[in-house]
Chemist: 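Here you go, one structure.
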Amino acid sequence: MNSFQYVTPRNADNAVSLASDGRFLAGGIDVLGEMKDYIVSPRLLVNVKGLPGTQDIVVGGEVWTIGANVTVAAIEHHEDLKRVFPGLQQAAAEVGSPQIRNVATLGGNLAQHSRCWYYRQRDLRCAKRGGDTCYARDGENKYHSLFSGGPCISPLVSNLAVALAALEATVVVRRGGKDVTLTIPELYQKAWDEVTAHNSLGPTDLMLRIQIPNAGRRSAYQQVSEKAIFDWALVSCAAAAKVDGRKLSHARVVLGAVAPIAYQVEAANELLEGKELDDALAARAADLILKDADPLAHNGYKVPIAQALIRRTLNQLVA
Ligand SMILES: Cc1cc2nc3c(=O)[nH]c(=O)nc-3n(C[C@H](O)[C@H](O)[C@H](O)COP(=O)(O)OP(=O)(O)OC[C@H]3O[C@@H](n4cnc5c(N)ncnc54)[C@H](O)[C@@H]3O)c2cc1C
Ligand code: SF4
């Protein structure tokens, strides 16, 4: 690994001013891996993990907040989160392994970089790393996107992003001396638009906390992976809705690991509005969500998995 300096700022503004020269470090699971593999070589690591106010979970009221440095394990084991936002708890429980969840933070999970094996190969400079070729498009694309907005087909693999998108959470970011609030779609829009972007955050944008509206909706999360632990999802699905018997309102269905964003289709959410969920309705919603899927040579298997996950996750909501 290249040599680097390490600094622990006292507050968020210090952290932001230092980051122009380096990278934020939270749990380090992702950024240290990238450094060891020579994918990135920051001169300075800005340790944000102890920043005041970023390790708290504040429950109750119309909006619940989770600090950016709360660990994935703390989300997984928090009894109130489990009760009110079970979809988020289920998504957290599926991240990596217990060891990873004990160290990984919410902010780091949301901002983790591409897992594309060409991106992670030190001797290749694919389009995401500033080169001119996407090696995955005509290469080994088994784990890649079914939907994309540009040349990069590396999917968003953060479990928490998918669950938070269904819950319509927002992210408070310290940007240029003030706090701005981004929706989850806004947090990833740039990854859809720009080949080199992993998300919409600039190098000095610091996530402070996530806000989740407590709108009395049920939530659920399911994924399919190759391995039971220590693995990312091949496809994941989160859903949230108000449920009355089997009748859904304010439903949101979101797919992960199939696009550079947390993928949802407004027409499917509208289709579910005010309807009693049955197998036919769930299948129609799945068809709408997957209507524009554009499988590559090796990832067509994701389509039937996504169809099944959408049906299962919706059924879990009303169970
Ligand atoms: C074997 C393995 C399996 C995994 N499986 C899964 C899985 O199934 N699902 C899943 O979702 N993830 C999975 N992961 C990814 C893992 O969850 C993330 O790497 C981890 O959550 C990153 O969190 P961290 O705190 O360690 O972040 P770090 O590595 O410290 O940071 C990651 C990135 O986020 C930036 N960052 C950190 N905090 C902030 C902040 N507050 N504001 C702005 N930017 C910030 C850093 O600069 C860096 O770019 C897996 C990882 C491994 C190694
Ligand atoms: S999918 Fe993206 S990260 Fe992977 S090779 Fe193509 S441009 Fe690079």
Side-chain angles (χ1 to χ4, degrees), residues 12 15-16 19 22-35 39-40 42 45-49 51 54 67-73 75 91-97 99-121 124-141 143-145 148 150-163 171-175 187 191 195-199 201-210 223 225-234 236 256-257 260 296:
V16 166
R23 286 272 296 276
F24 295 127
L25 170 75
I29 302 272
D30 194 45
V31 70
L32 295 181
E34 280 192 303
M35 289 169 72
I39 310 302
V40 297
L45 282 183
V46 182
N47 170 26
V48 294
K49 205 157 176 209
L51 288 177
T54 62
N69 286 311
V70 169
T71 64
V72 177
I75 296 172
E94 295 275 8
V95 169
S97 65
Q99 294 90 336
I100 289 170
R101 298 195 289 276
N102 280 337
V103 176
T105 63
L106 169 56
N109 185 269
L110 294 178
Q112 64 180 287
H113 283 184
S114 163
R115 295 307 310 181
C116 172
W117 38 30
Y118 297 105
Y119 171 84
R120 297 269 167 175
Q121 162 59 247
L124 282 180
R125 203 159 156 264
C126 77
K128 195 153 211 78
R129 285 171 58 191
D132 50 19
T133 305
C134 170
Y135 297 101
R137 273 205 184 263
D138 297 320
E140 295 297 335
N141 45 43
Y143 297 118
H144 290 73
S145 297
S148 61
C152 178
I153 50 171
S154 175
L156 172 67
V157 291
S158 158
N159 291 11
L160 300 184
V162 179
V171 187
V172 179
V173 176
R174 179 69 49 90
R175 173 180 279 171
L187 182 63
V195 63
T196 55
H198 301 269
N199 51 58
L201 299 174
T204 61
D205 285 350
L206 177 69
M207 283 182 272
L208 299 176
R209 60 188 176 277
I210 280 64
Q223 69 174 51
S225 318
E226 283 178 323
K227 292 185 283 176
I229 64 162
F230 246 94
D231 205 5
W232 285 265
L234 296 169
S236 62
L296 303 152

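Here the structure is a predicted model, which means the values were calculated and not measured. Just so you know, ligand 1 is whichever comes first in the structure, and atom 1 is the first atom listed for that ligand.
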Chemist: Has Cys152 got an N, O or S atom lying less than 2.8 Å from atom 2 (Fe) of ligand 2?
Modeler: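 So Cys152 does bind atom 2 (Fe) of ligand 2 by this criterion.
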Chemist: Is it the side chain, the backbone, both or neither of Leu160 that has a heavy atom closer than 4.0 Å to ligand 1?
Modeler: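 Neither part.
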Chemist: If we only count heavy atoms from C-beta on, is the Arg115 to Tyr143 side-chain gap below 4.5 Å?
Modeler: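 In short, these two side chains do not touch, never coming nearer than 4.5 Å.
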Chemist: Between Met207 and Val172, does a side chain to side chain contact (heavy atoms under 4.5 Å, CB included) hold up when you go through it step by step?
Modeler: CA-CA 6 Å; Met207 283 182 272; Val172 179; over 6 Å; no
Chemist: Taking only heavy atoms of Tyr118, which atoms of ligand 2 are found under 4.0 Å from at least one of them?
Modeler: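 It comes down to these atoms of ligand 2: 5 (S).
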Chemist: For ligand 2, which atoms sit closer than 4.0 Å to a heavy atom of Tyr119?
Modeler: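 Heavy-atom distances to Tyr119 below 4.0 Å select 3 (S).
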Chemist: Could you tell me which atoms of ligand 2, counted from 1 in the order shown, lie closer than 4.0 angstrom to a heavy atom of Ser154?
Modeler: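 Result: 1 (S), 2 (Fe).
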Chemist: Does any N or O in the side chain of Arg174 come within less than 3.5 Å of the main-chain N or O of Leu208, such that one atom is a donor and the other an acceptor?
Modeler: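 Between the backbone of Leu208 and the side chain of Arg174 there is no qualifying donor-acceptor contact (under 3.5 Å).
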Chemist: Is the shortest distance from a heavy atom of Asp231 to ligand 1 less than 4.0 Å?
Modeler: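 Right, Asp231 reaches ligand 1.
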Chemist: Please list the nearest protein heavy atom to atom 13 (C) of ligand 1 with its residue and the distance rounded to 0.1 Å.
Modeler: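 Protein heavy atom with the smallest distance to atom 13 (C) of ligand 1: Trp232 NE1, 3.0 Å.
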Chemist: Tell me, do Phe24 and Val31 make a side-chain contact under 4.5 Å, heavy atoms counted?
Modeler: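 Result no, sub-4.5 Å side-chain heavy-atom pair not found.
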Chemist: Suppose I only count heavy atoms of Ala136 and a 4.0 Å limit; which atoms of ligand 2 are within that range?
Modeler: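 So the atoms of ligand 2 that pass are 1 (S), 5 (S).
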Chemist: Among protein heavy atoms, which sits nearest to atom 26 (O) of ligand 1, and what does the distance come to when rounded to 0.1 Å?
Modeler: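 The closest heavy atom on the protein side is Ile29 N, 2.8 Å.
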Chemist: Number the atoms of ligand 1 from 1 as they appear, then name those within less than 4.0 Å of a heavy atom of Leu206, with their elements.
Modeler: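 Atoms satisfying the 4.0 Å criterion: 40 (C), 41 (N), 42 (N).
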Chemist: Polar contacts were defined as any N/O atom of the residue lying under 3.5 Å from an N/O atom of the ligand; does this apply to Leu25 and ligand 1?
Modeler: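 No; the residue has no nitrogen or oxygen that sits under 3.5 Å from a nitrogen or oxygen of the ligand.
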Chemist: I need the contact type for Cys134 against ligand 2. Using non-hydrogen atoms and a strict under-4.0 Å cut-off, is it side chain, backbone, both or neither?
Modeler: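 Both backbone and side chain.
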Chemist: So Ile29 and Asn109, do their side chains get closer than 4.5 Å, heavy atoms only?
Modeler: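 Asn109 does not reach Ile29 side chain to side chain.
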Chemist: Which of these, Leu124, Ile153, Val195, has its nearest heavy atom closest to atom 1 (S) of ligand 2?
Modeler: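 Comparing heavy atoms across Leu124, Ile153, Val195, the nearest one to atom 1 (S) of ligand 2 lies in Ile153.
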Chemist: Is the closest heavy-atom distance from Asp205 to ligand 1 below 4.0 Å?
Modeler: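 In this structure, Asp205 qualifies as a contact of ligand 1 - some heavy atom is under 4.0 Å.
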Chemist: Considering only heavy atoms, which of Ala15, Ala111, Gly33 lies nearest to atom 35 (C) of ligand 1?
Modeler: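 The residue whose heavy atom sits nearest atom 35 (C) of ligand 1 is Ala111.
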Chemist: Do Val70 and Ile210 come within less than 4.5 Å of each other through their side chains, counting heavy atoms only?
Modeler: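 The answer is no; the side chains never approach within 4.5 Å.
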Chemist: Under 3.5 Å between some N or O of ligand 1 and some N or O of Ala104?
Modeler: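 N/O-N/O distance below 3.5 Å does not exist for this pair.
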Chemist: Is the closest side-chain heavy-atom distance between Cys134 and His144 below 4.5 Å?
Modeler: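 No - every pair of side-chain heavy atoms lies 4.5 Å or more apart.
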Chemist: Output the list of atoms in ligand 2 that are nearer than 4.0 Å to some heavy atom of Tyr135, sorted by atom number.
Modeler: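 So the atoms of ligand 2 that pass are 5 (S).
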Chemist: With a 4.5 Å heavy-atom cut-off, do Leu206 and Leu51 have their side chains touching?
Modeler: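 The answer is yes; the side chains approach within 4.5 Å.
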Chemist: Taking only heavy atoms of Asp30, which atoms of ligand 1 are found under 4.0 Å from at least one of them?
Modeler: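 Contacts of ligand 1 toward Asp30, numbered from 1: 19 (O), 29 (O), 32 (C).
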Chemist: Report the nearest protein non-hydrogen atom to atom 24 (P) of ligand 1: residue, atom name, distance rounded to 0.1 Å.
Modeler: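 For this ligand atom, the closest protein heavy atom is Gly27 N, 3.5 Å.
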Chemist: Please report which non-hydrogen protein atom sits nearest to atom 49 (O) of ligand 1, along with the residue it belongs to and the distance in Å to one decimal place.
Modeler: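 Going atom by atom, the protein heavy atom closest to atom 49 (O) of ligand 1 ends up being Arg23 NH2, 2.7 Å.
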Chemist: Only heavy atoms of Thr105, strictly under 4.0 Å: list the atoms of ligand 1 that pass.
Modeler: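 Taking each heavy atom of Thr105 in turn, ligand 1 has 21 (O), 23 (O), 24 (P), 25 (O) under 4.0 Å.
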Chemist: In the protein, what heavy atom is nearest to atom 44 (N) of ligand 1, and what distance, to one decimal place, separates them?
Modeler: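 Atom 44 (N) of ligand 1 sits closest to the protein heavy atom Phe24 CD1, 3.8 Å.
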Chemist: Consider every N or O of Val157 and every N or O of ligand 1, then say whether any pair is closer than 3.5 Å.
Modeler: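 Between Val157 and ligand 1 (N or O atoms, distance only) the closest approach is under 3.5 Å.
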Chemist: When you measure from atom 28 (P) of ligand 1 to every protein heavy atom, which one gives the shortest distance, and what is it?
Modeler: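 Nearest neighbour among protein heavy atoms for atom 28 (P) of ligand 1, to 0.1 Å: Gly28 N, 3.4 Å.
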Chemist: Taking the side chain as everything from C-beta on, heavy atoms only, tell me whether His198 gets closer than 4.5 Å to Gln112.
Modeler: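 Counting from C-beta outward, His198 and Gln112 never come under 4.5 Å.
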Chemist: Would you say atom 6 (Fe) of ligand 2 has His144 as a near neighbour, meaning an N/O/S atom of that residue under 2.8 Å away?
Modeler: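 Checking His144: none of its N, O or S atoms is under 2.8 Å.
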Chemist: Flag the pair Tyr135 / Lys128 as yes when at least one side-chain heavy-atom distance between them is below 4.5 Å, and no otherwise.
Modeler: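 They are not in side-chain contact.
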Chemist: Among all the protein's non-hydrogen atoms, which is closest to atom 38 (N) of ligand 1, and how far away is it?
Modeler: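 For atom 38 (N) of ligand 1, the nearest protein heavy atom is Ala26 CB, 3.7 Å.
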